[in-house]
Amino acid sequence: MRPTRTRLACTLCAVLALPLPALAQDIGGITLGASVPEAMPQPAGSQVEPPFAYRLWQLDGGANLSATSDAETGTVHYLEMWRSGPDDTPPAPLEGLTYGTTTRAEIEARFGSEGMVFSDRGRAAPVGDSAAYFISYEIAGTDTVLSFVTIQPLTRASDETAGQSVLDSVIVAEGAYLDLIWGVNRGRLPGYAPIADPFEDG
């Protein structure tokens, strides 16, 4: 599992209090803040490490889906969908975005800024032979955060070329959960503002 994926470790064993409910943000048929539907197929993998449970599905069309939920109540706190391999270009869970094609520059133009940065995650990191860039936006009026991971080969990575990196992963998660795993301090970049809920149109 790549470093951008959720890690279920003993450091996560804490009570998670969520101040605001999520709206109907849905990825792959699973809604944030609800339970995983019984109609979902059997996961390709699963792990329970209280207080959280993690499940992974391999979807048709070259995408993977993960859900992290409360091990007791089943409430989903984190959803992530990413392409299975570098040659896969499935549609992303938001209209107008395509894995392997949509660039970081296009994402930032669509949402109006370079986003915000969680203190323990930063803006970029090497992942294997790729450079991964992290872009996050709070959804206005909710405790939900929408995040994107774009990648490009390390051999091409630079400040000048980062905008050309392409979409590899889409994450929607409850902010309180991300504060727990990515760091409570959120640095807002110039021009940043919470965004309207893009799932209402998608």
Side-chain angles (χ1 to χ4, degrees), residues 1-12 27-28 30 32 43-47 49 52 54-59 61-68 77-94 97-111 113-138 145-175 177-187 189 192:
M1 191 78 50
R2 291 180 294 174
T4 57
R5 308 295 161 239
T6 302
R7 293 292 183 263
L8 296 179
C10 62
T11 55
L12 300 183
I27 291 184
I30 303 176
L32 190 70
S46 62
Q47 179 182 354
E49 190 165 334
F52 301 115
Y54 169 86
R55 279 172 279 188
L56 167 69
W57 292 266
Q58 295 173 330
L59 307 178
N64 294 326
L65 172 67
S66 72
T68 301
H77 299 310
Y78 177 104
L79 291 166
E80 181 169 9
M81 184 182 286
W82 67 98
R83 57 180 175 159
S84 301
D87 297 326
D88 294 311
T89 56
L94 283 175
L97 302 181
T98 302
Y99 293 107
T101 301
T102 301
T103 66
R104 172 183 168 180
E106 290 170 333
I107 292 170
E108 291 172 351
R110 174 170 172 173
F111 294 107
S113 77
E114 296 179 34
M116 63 177 186
V117 184
F118 284 84
S119 57
D120 292 348
R121 192 175 206 203
R123 296 189 67 187
V127 180
D129 58 0
S130 296
Y133 302 94
F134 312 120
I135 316 161
S136 296
Y137 303 93
E138 296 156 312
V145 174
L146 174 64
S147 293
F148 303 94
V149 181
T150 62
I151 63 169
Q152 66 180 168
L154 274 174
T155 55
R156 290 178 44 214
S158 69
D159 290 342
E160 291 73 25
T161 64
Q164 301 167 19
S165 59
V166 296
L167 182 64
D168 190 62
S169 176
V170 177
I171 299 162
V172 61
E174 292 175 335
Y177 179 76
L178 294 184
D179 289 344
L180 185 64
I181 65 170
W182 290 353
V184 69
N185 293 318
R186 305 180 187 185
L189 297 171
Y192 173 77

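- Atom NE2 of residue H77 and atom CZ of residue F52 lie 5.5 Å apart, to the nearest 0.5 angstrom.
- Proximity of Y78 to L32: side-chain heavy atoms (C-beta onward) are nowhere separated by under 4.5 Å.
- The side-chain hydrogen bond (donor to acceptor under 3.5 Å, both in side chains) pairs that include a residue from residues 122-136 are E114-R123, Y133-Q152, S136-S147, where partners are two or more places apart or lie in different chains.
- Of all the heavy atoms in A63 and P90, the pair that sits closest is CB-CG, 4.0 Å.
- Every residue was checked against the ring-ring contact (aromatic ring centres under 6.0 Å, His included) condition with Y192, not counting sequence neighbours, and none meets it.
- Here the OG1 atom belonging to T102 is positioned 12.0 Å from the CG atom belonging to D168, to the nearest 0.5 angstrom.
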Worked verdict on Q47 versus R55 for side-chain contact (heavy atoms from CB on, under 4.5 Å): CA-CA 7 Å; Q47 179 182 354; R55 279 172 279 188; over 6 Å; no

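- Taking OG from S165 and CD1 from I107, the interatomic distance works out to 7.5 Å, rounded to the nearest 0.5 Å.
- When the side-chain contact (heavy atoms from CB on, under 4.5 Å) test is applied to T155, the partners found at least two apart in sequence or on another chain are P153.
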Given L94 and L146, is the side-chain contact (heavy atoms from CB on, under 4.5 Å) satisfied, shown in steps? CA-CA 11 Å; L94 283 175; L146 174 64; 3.7 Å; yes

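- Note that OG1 of T98 and CZ of R83 are 11.0 Å apart. Values are rounded to the nearest 0.5 Å.
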Does the pair I171 and L79 meet the rule for a side-chain contact (heavy atoms from CB on, under 4.5 Å), with working shown? CA-CA 6 Å; I171 299 162; L79 291 166; over 6 Å; no

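- Remark: A92 pairs with L97, Y99, L167, V170 by the side-chain contact (heavy atoms from CB on, under 4.5 Å) rule, at least two apart or across chains.
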Using the side-chain contact (heavy atoms from CB on, under 4.5 Å) rule, take L65 and E80 through it: C-alpha gap first, then chi angles, then the decisive distance, then the call. CA-CA 6 Å; L65 172 67; E80 181 169 9; over 6 Å; no

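- Shown are Y177, W182, F134; of these, the ring-ring contact (aromatic ring centres under 6.0 Å, His included) with F118 is made only by W182.
- Under the rule for a side chain to side chain donor-acceptor pair (under 3.5 Å), the partners of R156 that lie at least two apart in sequence or sit in another chain are Q164.
- Using cut-offs of 30° and 60° on the angle between ring planes, the pair F148 and Y137 is perpendicular.
- Summarising the geometry of W57 relative to A67, their closest heavy-atom pair is CZ3-CB, 3.8 Å, with the distance given to 0.1 Å.
- A pairwise comparison of heavy atoms in G163 and T103 identifies O-CB, 3.3 Å as the closest pair.
- The shortest distance between side-chain heavy atoms of R121 and I181 does not fall below 4.5 Å.
- Closest heavy-atom contact between A132 and V149: CB-CG1, 4.0 Å.
- The shortest non-hydrogen separation linking P93 to M81 is CD-SD, 4.0 Å.
- The CG atom of L180 sits 12.0 Å away from the CD atom of E174 when rounded to the nearest 0.5 Å.
- Atoms CG and CG, on L178 and D120 in that order, are 11.5 Å from each other to the nearest 0.5 Å.
- In terms of heavy atoms, D88 sits closest to G62 at CB-O, 3.6 Å.
- Under the side chain to side chain donor-acceptor pair (under 3.5 Å) criterion, E108 pairs with R104, sequence neighbours left out.
- N64 meets the side-chain contact (heavy atoms from CB on, under 4.5 Å) test with L56, Q58, W82, S84; sequence neighbours excluded.
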